[in-house]
Amino acid sequence: MLRLTLQSPLKPPLLSSLFLLKPSFPTTNLVVNHPEPPPTTTGLSRILNFFLQNHTKGSTKLFKDNPFLKKIILELNSLEIEGIVEKLSVENYESTLEFFFLLRNDYAFKHSRVSHIVIAHILAKKQRFRALKFHLQHFVQQEGSGSAHSICELILCRFQKWDSNHVVWDVLASAYSRCQMVDDSLFVFAKMKDFNIQASIITYNNLLYSLRHTDNIWDVYGDIKASGINPSEYTNSILIDGLCKQFLMQKAVDFLRESEPCVVSFNTLMSSSCKMGSVDVAKSFFCMMFKCGLHPNVYSYNILIHGLSVAGAMEEALEFTDDMEKHGLEPNQVTYNVLAKGFHLLGMMNGVWKFVNEMLHKGINPDIFTCTMLICGYYNDEGIKVREDTRFHASDISDTMLLSSLCKSGRFDEALNLFHEIESSGHKPDPIMYSILIRGLCKRGLVEMAFQLYKDMLCCKRILPNIVAHRSILKSFCEKGYICEARVLFDALINCDLMDDVFLGNIMIDGYAKLGDIGEAVHVYELITGKGIMPTIVTFNSLIYGFCKARKLDDARKWVDTICAHGLIPSARTYTTLMDAYGEEGKMEAVFELLEEMKARGIEPTHVTYTVIIKCLCKRRQMHESVRILKGMLPDDFQPDEVFYNTIIKNLCEARDMKGASQLHKEMAVHKLQPSRVTYNIILNGLCTHGDLKDAEELFSTLQDVGLMKCDYTILIKAHCAKGSVDKAVVLFKKMIEKGFEISIRDYSAVINSCNRDRNSVFQLSSLMIKCGLDTDSNCG
DNA sequence: CTAGGGTTAG
């Protein structure tokens, strides 16, 4: 059994064992690219043909157990397989389907386009619409965006006369919409119009859905009306959803009035109202539903109960929960999670436990949302109490809670012990417990150990890690600079179809962006959007950060338009990132231009925005003028934060205005801001370089209680060296070593360099270096 | 098509 101890974290090179991960993943669908051999006339395909002809139904089973035939398949290229598929399809649909999917799923065979379209026709003919839908989605994902043109061409050339032609066209247009390839979808629509093929309402709905963030919804809606087909209930609610997403609530309500109202439309309106903070409006929609003769469903109740819970109106939330049951609707996982969250927000742990308990009693297992609440530490230190509480004694949840508490307080030894104890008591290891440990270890920077656990659950225990585990590992890999390992994991998740949400993609994109590797960042972006995952504003903000980091500012700026094209609204973060980048390049006009642009869009600058602005201003101007300009810009209710102050204090120090700096330091208290170690470090540095060294020493000694950082020591040491007080420097240096800070050669040389080439001092420090440190090679950082 | 969480800037 795997035993982990905190004393022996794995060294990074072992991470290369990650490459073993891929074959260990328990799912299929790993795409293997077969090298395409030149077309052969070896007769292999004739043998295969002969074989398939002689076994209609059940042929593939025979085929599966036949190593000889397997060998034949691997010898053939996709063109030869295509020939077989086509020929077979004339004689036997079922065999063709089995043959195709067996090759794809079990042999990871990459079929040709023609084969795919043949299969689509068979599925259409057999009216297996669900399978057809998935088949074509899979197909267009594989083909990627921009493929519509050539695929349409192919269908026109070779499939025009096939019976199910119109169905295939229709579902193809849907597939492109569902995979977020809107341009391709529109291309298919246009071709269909040329050939008088009527799109179904389902296909229109898919298109409408993928365009719901944009003005184009009305064009599509107009098209539907003009074509004479009846909009469905879905059509209306998608339209309402789109209008809500564009914050056009009034238009949404107007449309609801004119169209046939349905529960989903009301739910969408309620959800949007709650998100905008108006639970009352949501409640009035709820009442309106009854007046329209409609009955709220579980979604309706949950939306409302959530709205009330986050607003702190727990009594009312509970009333609606009762009401729900009176109307014959059972509260579900979501209901309980939402109620638990509400009580937690109020700090009423009894309430939380009441609902987690009720959930267990009803046989509803805590799901990923409950777990996220547990794992992400909503329940702080309650775990230990809970485990002692007899009501929860020996239940899985109490173990989970205890584990969570231990991880939260950094007691990993105890956490791991508990974990092994649970394991050896015959309990099946639980993915939630794993993810708690993995997340905890990652948070502490112990990603190597966390990954060991991750692999242990995956490879040894055959438990699929949950989203929390994936996220923690991926994020930590990125943060620690193991970008290649992160990518291998990411690709494995994609290939196993375990990547269905945008968050993992965002983490991966951000990882590349932070390194300035914008090429890969964009590549990952294309990868996830090709999978039909909708990018969010976070995706774009990270991409823009990446372009800025790569110093491609004009490209970065152009991506703001892409955000809008996706129906998303650029955020204050978007603009702040751009402004910071332009400021760094000294392009103040651009900074102010962006500020105007964001305000024009109704996006309020945040305290971060203003921090960036002051940072930029100070680069070019006198400090006092900069502050004056900034003061003119700040809104009355501006709430500065600690970093805002730190930035100004730092600039004041650099302008040698130590008096102003200490004044601002005092002012922080007025805003109830606690100066942090960073603040003190800035002031210390200021005093050392532009102020009185005595003041610096004084500050240094008072800081001893607050806790000193390594750079506090080095700053003062360097200052002493520069002033020629090497003795004082040496005393401090020894103290720093005593405190257990890791001292690198770089630290030594930095100090020695600041000795003004005074040979005596250099000698003194060098001997100290030989005496005290560098006896191991571990600190050559 | 509609509900619960998490990923980004100084």
Side-chain angles (χ1 to χ4, degrees), chain A residues 202 205-206 208-209 212 232-242 244-245 262-272 274-275 282 296-307 309-310 331-342 367-376 378 439 467-468 470-472 474-475 478 501-511 513-514 535-546 548-549 571-581 583-584 605-616 641-648 650:
Chain A
I202 299 171
N205 286 346
N206 280 316
L208 199 62
Y209 183 71
R212 71 196 187 288
S232 69
E233 260 191 6
Y234 294 169
T235 319
N236 296 338
S237 37
I238 293 166
L239 207 90
I240 286 175
D241 182 40
C244 287
K245 291 261 155 53
C262 68
V263 178
V264 177
S265 296
F266 274 106
N267 289 350
T268 306
L269 280 166
M270 282 167 54
S271 164
S272 294
C274 287
K275 278 181 190 135
N297 61 16
V298 185
Y299 285 75
S300 326
Y301 277 101
N302 285 345
I303 291 166
L304 205 55
I305 292 168
H306 180 241
S309 290
V310 292
N332 61 12
Q333 277 178 332
V334 178
T335 323
Y336 290 116
N337 282 339
V338 156
L339 287 167
K341 181 181 161 191
D367 69 351
I368 188 68
F369 292 97
T370 328
C371 298
T372 315
M373 282 204 288
L374 298 173
I375 295 163
C376 297
Y378 277 165
R439 186 180 184 273
I467 189 76
V468 176
H470 293 145
R471 191 173 57 221
S472 304
L474 195 69
K475 193 160 179 267
C478 289
D501 74 9
V502 72
F503 285 80
L504 292 173
N506 286 350
I507 292 169
M508 194 69 239
I509 289 171
D510 195 58
K514 289 258 156 57
T536 65
I537 185 63
V538 177
T539 322
F540 291 112
N541 285 348
S542 289
L543 281 169
I544 286 174
Y545 182 94
C548 289
K549 185 96 182 173
S571 65
R573 271 189 159 89
T574 321
Y575 281 102
T576 308
T577 306
L578 281 166
M579 287 162 76
D580 189 44
E584 284 294 317
T606 67
H607 53 277
V608 184
T609 318
Y610 289 114
T611 309
V612 165
I613 290 173
I614 188 70
K615 209 179 100 188
C616 302
D641 72 347
E642 185 222 313
V643 186
F644 179 81
Y645 270 102
N646 288 350
T647 309
I648 301 186
K650 190 171 171 223

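In what follows, chains are A, B, ... by sequence order, proteins preceding strands, each numbered from 1.
- Counted within 6.0 Å of CD1 on A:I202, heavy atoms from surrounding residues, nucleotides or ligands total 12 or fewer; the atom is thus considered open.
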Item to check | Dot-bracket summary - DNA chain B, pairs being Watson-Crick or G-U whose distances fall under 3.5 Å, with | when paired to another strand | outcome: ..........

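- Partners of A:E233 according to the salt bridge (Lys or Arg N to Asp or Glu O under 4.0 Å) rule, which considers only residues two or more places apart in sequence or in another chain, do not exist here.
- Checked by distance alone, A:D501 brings a side-chain donor or acceptor within 3.5 Å of a matching partner on the base of B:dG6.
- The distance between atom CD1 of A:I614 and atom P of B:dA9, rounded to the nearest whole Å, is 22 Å.
- Using a 4.0 Å heavy-atom criterion, one finds that A:S300 contacts no nucleic acid atom at all.
- Here the P atom of nucleotide B:dG10 and the CG atom of A:N541 are 11 Å apart, to the nearest Å.
- Counting any heavy atom pair closer than 4.0 Å across all strands shown, A:S237 reaches a base atom.
- Spacing between atom CD1 of A:I648 and atom C1' of B:dG10 amounts to 12 Å, rounded to whole angstrom units.
- No contact: A:E233 has no heavy atom under 4.0 Å from any strand.
- Within the nucleic acid shown, A:D580 comes within 4.0 Å of sugar-phosphate atoms alone, with no base atom in reach, counting heavy atoms only.
- The side chain to side chain donor-acceptor pair (under 3.5 Å) test applied to A:T268 returns no partner, not counting sequence neighbours.
- A:I238 has its CD1 atom 8 Å from the P atom of B:dT2, to the nearest Å.
- Taking A:Y575 as the reference, A:E597, A:R601 meet the side chain to side chain donor-acceptor pair (under 3.5 Å) condition, with sequence neighbours excluded.
- Distances shown here put every side-chain N or O of A:K650 at or beyond 4.0 Å from the OP1 or OP2 atom of B:dG10.
- Remark: A:R212 pairs with A:Y209, A:D241 by the side chain to side chain donor-acceptor pair (under 3.5 Å) rule, at least two apart or across chains.
- Counting any heavy atom pair closer than 4.0 Å across all strands shown, A:V334 reaches a base atom.
- No engagement by A:N205 is indicated, since no non-hydrogen atom pair under 4.0 Å with the nucleic acid exists.
- As judged by a 4.0 angstrom heavy-atom cut-off over every strand, A:V338 is placed among residues touching the sugar-phosphate backbone only.
- Straight-line distance from the CD1 atom of A:I467 to the P atom of B:dG4: 17 Å, rounded to whole Å.
- Computed from coordinates, the A:K341 NZ to B:dG5 C1' distance equals 8 Å when rounded to whole Å.
- A donor and an acceptor atom never sit less than 3.5 Å apart when one is taken from the side chain of A:N337 and the other from the base of B:dG5.
- For A:S237, the side chain to side chain contact (heavy atoms under 4.5 Å, CB included) partners at least two apart in sequence or on another chain are A:C262, A:V264, A:S265.
- With hydrogens and angles ignored, no donor-acceptor pair under 3.5 angstrom links the side chain of A:N267 to the base of B:dA3.
- At the heavy-atom level, A:F266 lies nowhere under 4.0 Å from the strands shown.
- Taking atom OH on A:Y336 and atom C1' on B:dG5, their separation rounds to 20 Å, with Å as the unit.
- Residue contacts for A:Y299: at a heavy-atom cut-off of 4.0 Å it reaches a base atom on one of the strands shown.
- Atom C1' of nucleotide B:dG5 and atom CG of A:L339 are separated by 16 Å, given to the nearest angstrom.
- Of the possible polar contacts, none joining the A:S272 side chain to the A:L269 backbone as a donor-acceptor pair under 3.5 Å is found.
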